[in-house]
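Beneath this line is the structure, given in structure tokens, with notes to follow.
Treat the numbers as computed from the prediction; the structure is a model and nothing was measured.
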Amino acid sequence: MTDTISHPRIRYQEKADPEFANEIAAMVGGDELLSCIQCGTCSGVCPVSPYMDYTPRQVIALTKAGLKEEVLSCKTIWLCASCYACTTACPKQIKVTDVMYALKRKAIQAGHYPKRFPIPVLANEFYRAVESSGRSSEGRLIVRLYAKTNPFGLFGKMRLGMGLLRTGRFSLKREKTANPSDVRDLLNSVEAGGK
Amino acid sequence: MYGRLNMPEPEPILNGAPKIGVYVCHCGINIASKVDVKAVVEFAATLPFVSVAKEYKFMCSDPGQDMIKEDIRAGKVNRVVVASCSPLMHEVTFRRAIKDAGENPFLFQMANIREHVSWVTSDGADATEKAKSHISAAVRRVALHDSLDRKRVEVRRDVLVVGAGIAGIQAALQIADSGKKVYLVEREPTIGGHMAQFDKTFPTLDCAACILTPKMTQVRAHPNIELLTYSEIESVDGFVGNFDVKIRRKARYVREDLCTGCDECTSVCPVHLPSEFDEGMSQRKAIYRAFPQAVPNVFTISRKGAPPCQAGCSIHQNAQGYVTLIGQGEFKEALDVILRDNPLPSICGRVCTHPCTEHCTRAKVDDPLNIPGLKRFVTDRFPDYEIPKPAKERPETVAVVGAGPAGLMCAHELRQRGFKPVIYEASSVPGGMLTLGIPAFRLPRTVIGQEIKRLEATGIEIKLNSPIGKETTLEDLRKRHAAVFLGIGAHQERKLGIEGESLPNIWGGIEFLRKVNLEGPFSIGKRVVVIGGGNSALDAARTALRCGAEKVTIAYRRTRTEMPADPEEVEDTETEGVELLLLTAPKAIQGSPEKGVTALECFKMKLGAADASGRAAPEIIPGSDFRIDCDAVIATIGQIPDIASLGDKLGLDTTRWNTFEADQTTLETNIPGVFVGGDCVTGPDVVVNAMYAGKKAAISIERYLDGKNTHAGRESEAPFVPTYSVDTSGAVFHHKVPLPSIPLTSRKSFEEVRTGYTEAMAVEEAKRCLDCGVCCDCQLCATVCEPKAIDYSMHDEIRKLEVGAIILATGFKTFDAKRIPRYGYGKYPNVYTSLEVERMVNASGPFNGEVRLKDGSAPKRVAIVHCVGSRDENTNRYCSRVCCMYSMKLAHLIQERTGAEIFNFYIDIRAAGKGYEEFYERVQQEGVQFIRGRVAEVSDWAMSPDEEGKLVVRAEDTLLGVVRRIPVDMVVLSVGMEPQADVEEVRRKFNISCGTGGFFLERHPKLGPVSTFVDGISIAGACQSPKDIPDTVAQASAAAAEAMTLIDAGFVETEPFVTWIDDQACKGCKTCIDVCPYSAIFYDDVRHVAVVNEALCRGCGLCAMECPAHIPATKQYEDRQILAELTGALR
Amino acid sequence: MAYLYYPGCSLKTGGRAYEESILAVFKALGEPLNELPDWNCCGATTYMSIDEAKAFTLAARNLALAGKSAGGPCDLVTPCAACFLTLRKAQHAIDEKPDIGRRVKEGLKKVGLPGEWQVRVRHPLDVLVNDLGVDRIAKSVKKPLSGIRVASYYGCQIVRPYESFDDPVEPRTMDQIMEALGATVVDWPLRSRCCGGSLSGTTPDVGLWLPFILLQEAKKKGADVMATACPLCQFNLECNQDQIKARYGDAAQLPVAYFTQLMGLALGLPAQDLGIQRLFVPLPKNVRETEHARA
């Protein structure tokens, strides 16, 4: 009985989840995932790829390979700015941006994203705000975000903040719909999905 | 799961009881894995008339077939059902087996339990049940089958090959060498196809020309090949072995039998356009030969027909002709073209209302060309040009009454036809309205004078001060002359019909202009109001200014946009200081006989609904009266012919508008030999229409005097709009060159206002022409062609061919790179398509084989982008197969020519072919770089000094997992192969099908790669799918072999499933005869019944459906047989 | 037919100038916009963190409201790029994914909203060019932006990913409008490249690098001002310029205005009605002159 000796440059097949690719392909926008020919157009048009730990093409390769953990914990999916350049350029009509979203959802479900990484936090904060008041209030959101991820960063943003205040573009006012509970009620009325 | 059909078990009609053998095939596991074969066989055994039911692993194999043969020979079986694959696959096989065993091969039915059952049914039990139903159906059907015989039909020995690229050439030569006649049809003027454009060919790098052109000349020389270039398939009828094909031989306008290919014509042709052969990188002429080695070595004229300007002109003046020549600086030649149709060019160049410009295509881009301005330029440049003398002389003299444009034109046209015209002019000067109605500052008298002299010089006599009606009557003229033309114009002023109109110093426009034109300027008054909005209103106003008036006002009842006058003239008039009062209509004229006019009372108007003329009708605004103080009023509201003054209208019929009655086409009147035309028929109209009338009349008079029909075939005389379209996409925005004028200060005299174009201006303006008709019909080529090969009267001809077999080798088109904007083709000048580069590197190409950028320099770094328009769901899904290899070839050639550093961007390298992988290795050895990654974008976005001013190619290097930015001087897009644009049309003509991607569909992807589903028609080369030259040639030979096999067999056996008509039952209504698509039914006049020609019948059954008595029946598809099959299926 | 208008959260705060100018411009062109009553947040990218059906329901509520208030077919003008995309995305999901469609509609019905509607979500650029027409705009120009070189910046989400009113790589509509205003449009390759907006708050490296690229390129191609059609783009491109300068030098200092602000100026509307005063980077002199010439 030998133990698996992990090595950064070796992927043991036992780590692979053969069903993973199909799961993702079944989600909204996952349709064409399996027909990827690894041409790299997505990475080429992606404005953010230089900052990613894996290029979008590699993310798809990992997904198809079923290397679930590795994908869900990568930075790339969180860096995607959803500009859809890849989606319109892909020669196989893979909705790469939507695949990224699908992976983000998987990651959040699996509680499986880089800690103190602001984007998922923002997503959650944003959702809470909307659910409670029907509208989001940028000002409050930003403050909460920094408070949660990097409290000191807020000071760095002071000048910007002042500027926004001066030009009347920043307020901590709470935007809401006529009856804030409307939206929550609505969301509760939606039957939960299968997956 | 299957319902039961309540239908009596049909009684078999046949010789002896049927003994049906059912043979179920496992097809390895293809069928057996789903269908419980054993159960099926047991079931089959229970079916009526089944004497034998067996199973076997591969029925199609020899042992399988032997099972059937033995049972037949042993007398156990006289009808056969095989349950296996699709009949498409093995029907023939089993029929042959049955025949070998001595039974009629049509006492056989196949049940398809593979494609229809095992392959498409998931559940085994379902599959087994379905298989049973299929077999049950087949058994019941075959029980009623009749013994049928195939008919033999002779096969014609000639072959048609469509498309003369390398595939067509190869097939044609091969068949011709076997001693059969080949018709090789090519739509382009030359054969050779795409291969003729290539430089070298991969992987061996031998030059395309060296291996292709010998074959091309062989085709030309081959006694068994008839080459039909510049020809297209019109229609295809008939069937295998007996095709009737119609070919449209497009008019070349050059006689193939006479043209020697000496190339003299191109040196004089003034029309330049991009060369298709050089992919637009060089220019060709309208008369051209694709390339010097073209076969046949014959020139062709691109000629769409009369351009819009010419077609829209009443006298069909060939404007494009002289405009193009002016653009080329050939002014004398331009003048000759002008004089072909127009004897008054220097007048028309000034005062014609130029309908030509209204039709000018250039208007869709910016402004129409100033065609009259250009015409004037030429006539000014050669002031002492002459009108050609008539070629022949005739004795007859013809009287022409009126020396206006109509009369002059009529006289000219008559003179050119050899007659001696005598013009009778009432006034003391010739020219009619030209002289009396148009002021000298627009049309100098000298110009008119010279024009008249030129006409007189050709032998036209003009009698001045000779009015018709009083002294000389029409009768006198008829006695004196063979025929008479009346073009007396319309000179009588219409009245305003308002109060005070009889006061002194109130003029009609023409009345006023005539006085000035005849007697010179006189002081009409200080403040003058002109009523009207036409050109003569402007003329009157401007003349009034020149007569010393201080304030001249034009009152017009509509707005500027409705003004009939030429907008530029309106502009001139205003700049000269005339005030324009729009939406103003006269109410009354104030004044007294003593004081004369004191003011004009007016209404303000507003525009209402459109009136009969289509223009918005002006309505009076109540209570809007106002007055304009003035001491003279000029009313230019039109004239009518002065017919009253001609003694009792000369006995001619007139209309209620007081104009002459005339036949619209011939201008004949109620008096034989008397013709009328111009304003006296139409009412006041423009100069060119009067000339049109004169010309029409002249043609009628000639026909009349020759005793010919005056009406026949004159449709083309009237103005028309061309049917063809003109592509303006490439046209560069360039406004019309304004016509210079003399300074305002000198506009007080009657000096001509417009001074006309300088040479530079004229050339610039002329170059704006879009060559709508391509060939401008200047006919210069004909003047230099020694063998007299040029024939403008050529027209398309239809050629009928009778052939036995057809080979389609119609080739491909390349992908349009503009469809992928992110690669910048058409945006960045140094982004090329692979085909353009093929031409560039070609020694006989636009730059003699030099690879150069748009600025002429050689590229230092080049990117070659693979898979452009291939492997892309957004354009074409399929791989074009040749791009990888030709990209490597181009890489090699460009490097060889320039030493440039070369990057190939690929997704996967497809080098599967003899010597291909080795070539891949070779170019890598030569230092060509290969980056695995599809290019994301080509742009001029620089992020480093190195990238400034370059094309930056961005792609992920997927092998490194990083994005690479490569600045290059030149980008080559390796475009994929697509079906021809008209593939669908061609498919329909030959009744074959297209597969995915739109290419022609072969009969079987492996076993029938060059056959189609239509017997006798084969396909070869890139029209079947993208492929390289070796594969294309191989396919061509295969197709040739297929055609020869068919022909050498000498006959074809037609399917016996033809329709027959029971002549006892037929009532002879002939309905079937009209509906038969193969004209296979004819009418027997003796027995009065319809009879089927079995050789032509395809058994489609249309006649059976249309026959009111439902009599025609198709063998083996008769109701009893089909119903039996259904009963079986619904067991 | 009057246009319904969906502002979205940003146009009420950071993007106020966008709302102010767009309302003013449409009014001036004789097509006043009516704000959709009781609209809610489009949900933006929440569907990464919650059930998709819920996320799309959030967006769909606005469509249902629009359908309800119009009582028939209607166009919902949505200036914010993110909202524009999210609303359309929701519509697509509802139409193409039967399961999601069903759940969304049932959810809406439960709270008394209609489950069916005929609402076209449209971007102002689309409406201006294809409904009102460039000619109408050109005719209404009082102070042409002659000699002013504008780089039209479309951002990503208004032209992608769905078949849209303009080309996803080489969009033209904003340039057409700018030409109609008499401005000179700058032909530059990055017109639809992402500004990284959604990242500026969260990952500064990227959030500052991308706008830097855009500003630098636009400037290099000779632009006096950049025109945007998205509140996030505008914020990201303009408000961070001091930080961008701090990192990459001042190669990328360029005024960035909403295309509607430039339209407003050309149509001769008062600057304060267009939120000009809310800009961080003052408009170039020649643009401001257009504005003073009138004041």
* **Inter-residue atom distance A/Q93.CD - B/D872.CG, 0.5 Å rounding** => 8.0 Å
* **Distance (rounded to the nearest 0.5 Å) between A/Q38 CD and B/R934 CZ** => 13.5 Å
* Asked: Who among A/C46, A/A89, A/C39 has the most heavy-atom pairs with chain B under 4.5 Å?
  -> A/C39
* To do: Just give me the residue among B/T875, B/T958, B/V935, B/V963 that pairs up with chain A most often, heavy atom to heavy atom, under 4.5 Å.
  => B/T958
* Contact winner vs chain B - A/C86, A/P91, A/S43, A/A61, heavy-atom pairs under 4.5 Å -> A/P91
* **Positions in residues 906-932 of chain B that reach chain A, provided some heavy atom is under 4.5 Å away** => B/I907, B/R932
* Asked: Which bit of B/R871 comes within less than 4.5 Å of chain A, counting heavy atoms only: side chain, backbone, both or neither?
  -> both
* Would you give the length of the straight line joining atom CG of B/D957 to atom OG1 of A/T55, rounded to the nearest 0.5 angstrom? => 10.5 Å
* Asked: If you draw a 6.0 Å radius around NZ in A/K176, do more than 12 non-hydrogen atoms from other residues or ligands fall strictly inside?
  -> no
* Structure fact -> With chain B, the option among A/R57, A/M52, A/K92, A/E32 that has the most non-hydrogen atom pairs under 4.5 Å is A/R57
* Just wondering, are more than 12 heavy atoms of other shown residues or ligands nearer than 6.0 Å to CZ in A/R184? -> yes
* **Residue, of B/E873, B/R964, B/R965, that accumulates the most heavy atom pairs under 4.5 Å with chain A** => B/E873
* Is the CD1 atom of B/I29 crowded by more than 12 outside heavy atoms at less than 6.0 Å? -> no
* Structure fact -> Looking only at B/C867, B/A936, B/G933, the option with the highest number of non-hydrogen pairs under 4.5 Å against chain A is B/A936
* Output the distance between atom CZ (B/R822) and atom OG1 (A/T41), rounded to the nearest 0.5 Å. => 8.5 Å
* Asked: Is it the case that more than 12 heavy atoms not belonging to A/E69 sit under 6.0 Å from its CD atom?
  -> no
* To do: Determine whether more than 12 heavy atoms belonging to other residues, nucleotides or ligands lie under 6.0 Å from atom NZ of A/K64.
  => yes
* Proximal component of A/Q58, with respect to chain B [non-hydrogen, under 4.5 Å] -> side chain
* By a 4.5 Å heavy-atom criterion (distance strictly below it), what part of A/C42 contacts chain B: side chain, backbone, both, or neither? -> neither
